[in-house]
Amino acid sequence: TLASASDNDLWEKSTLNQVLNRGELRVCAEAGYMPFDMRDKKGDIVGFDVDIAKTMAKAMGVKLDIRNTAWDGIIPALLTDKCDIIISGMTITPERNLKVNFTDPYIVVGQTILLSPKLKGKVTNYRDLNDAKYTIATKLGATSDYAVKRYMSNAKLNLFETESEGVLEVVNGNADAFVYDLPYNAIYSAQNEGKVLHLDESFTYEPLGFAIRKGDPDFMNFLNNYLAQIKGDGTYDKIYQKWFAS
Ligand code: ARG
């Protein structure tokens, strides 16, 4: 049977169709979240997300344009068509899901704690930090921000635009702890031995997904099948090993 007029309409409007016509996939990402999106020495954005985006663009037969976008403006940027997709370690949350659609999760992480070494033994988990005498730093508008407000509401919370500003607060003695996604904290603590103590038991459950505008079943179908394919054929494992094995 022939596709109906409305099916053709849907495909005409699909972001996937626009990407193919343009010959370029525009990805919103924010550099700063190791090992997903970060700057290399040349200033280019590299990481786990970028490598996945590269293979995806290749599968579509189009060029890739990574657009660095501030975290608190990344969903608005997608909604105003500054990019086709957000691939930026974004946690799938119900609140965000009201505004955008998410693919199936491509990885699952959770919040952990980078503690001031001064508090070694005194603070052993997130519950201990839920106290007015403690100051916690994290990134504005990240799920860590929401997690601190939910689980450590008694503590003082200081929010920063970037991960690196937040974690420096602990190193400089201005905060007692930095709360953030486990992968970032694991890499930071490995690279800054003695400056922070990683309490590496996740206290949230956070599937990460790619975000696209609502009402686009054709693009979503491509993305979820593409994810299933690379998870099954070894492509995903290769990229994972490159960025997460240490
Ligand atoms: N997973 C966390 C969130 O969704 C942090 C992601 C931050 N990503 C970034 N590229 N800076 O809020």
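Counting convention: from 1, in listed order, for ligands and their atoms alike.
Counting the atoms of ligand 1 from 1 in the order shown, those under 4.0 Å from a heavy atom of Lys139 are 11 (N). Taking every non-hydrogen atom of Tyr33 and a distance limit under 4.0 Å, the qualifying atoms of ligand 1 come out as 6 (C), 7 (C), 8 (N), 9 (C), 10 (N), 11 (N). Close approach of ligand 1 to Ala142 is summarised as follows: ligand atoms under 4.0 Å from at least one heavy atom of the residue are 12 (O). Annotation for ligand 1: atoms under 4.0 Å from non-hydrogen atoms of Met90 are 4 (O). Of all atoms in ligand 1, listed by their number and element, those nearer than 4.0 Å to a heavy atom of Asp37 are 10 (N).
Look at Trp71 and you'll find a heavy atom under 4.0 Å from some atom of ligand 1. Ligand 1 is never approached by Gly32 to a heavy-atom distance shorter than 4.0 Å.
Using modelled atom types, one side-chain atom of Asp216 and one backbone atom of Phe219 make a donor-acceptor pair closer than 3.5 Å.
Only the side chain of Arg96 comes within 4.0 Å of ligand 1, counting heavy atoms alone; its backbone N, CA, C and O stay farther away. Contacts between Thr143 and ligand 1, counted as non-hydrogen atom pairs separated by less than 4.0 Å, involve both the backbone and the side chain. The part of Asp181 lying near ligand 1 is the side chain, judged by heavy-atom distances below 4.0 Å. Of all the heavy atoms of Tyr180, the ones lying under 4.0 Å from any atom of ligand 1 belong exclusively to the side chain.
The nearest protein atom to atom 6 (C) of ligand 1, hydrogens excluded, is given as Gly89 O, 3.3 Å; this is a heavy-atom distance. The nearest protein atom to atom 11 (N) of ligand 1, hydrogens excluded, is given as Glu30 OE1, 2.7 Å; this is a heavy-atom distance. The protein non-hydrogen atom at the shortest distance from atom 8 (N) of ligand 1 is Ser88 O, 3.0 Å.
Remark: Lys58 NZ is loosely packed, at most 12 non-hydrogen atoms of other residues, nucleotides or ligands lying under 6.0 Å away.
Below 30°, between 30° and 60°, or above 60°: for Tyr106 and Phe48 the angle between ring planes is below 30°, a parallel geometry. By the 30° and 60° cut-offs, the orientation of the rings of Tyr180 relative to Tyr184 is perpendicular.
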TODO: Please assess Tyr188 against Ser164 for the test side chain to side chain donor-acceptor pair (under 3.5 Å), listing each intermediate value before the final yes or no.
DONE: CA-CA 9 Å; Tyr188 191 90; Ser164 56; over 6 Å; no

TODO: Tell me, with the steps shown, if Tyr134 and Asn154 meet side chain to side chain donor-acceptor pair (under 3.5 Å).
DONE: CA-CA 8 Å; Tyr134 294 130; Asn154 293 326; over 6 Å; no

TODO: Show the numbers, then the answer: is there a side-chain contact (heavy atoms from CB on, under 4.5 Å) between Gln111 and Val179?
DONE: CA-CA 7 Å; Gln111 298 301 311; Val179 170; 3.6 Å; yes

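A continuous path of ILVMFWY side-chain contacts below 4.5 Å connects Tyr236 to Val46, so both sit in one hydrophobic cluster.
Using modelled atom types and a 3.5 Å distance limit, the side chains of Ser116 and Asp176 yield no donor-acceptor pair.
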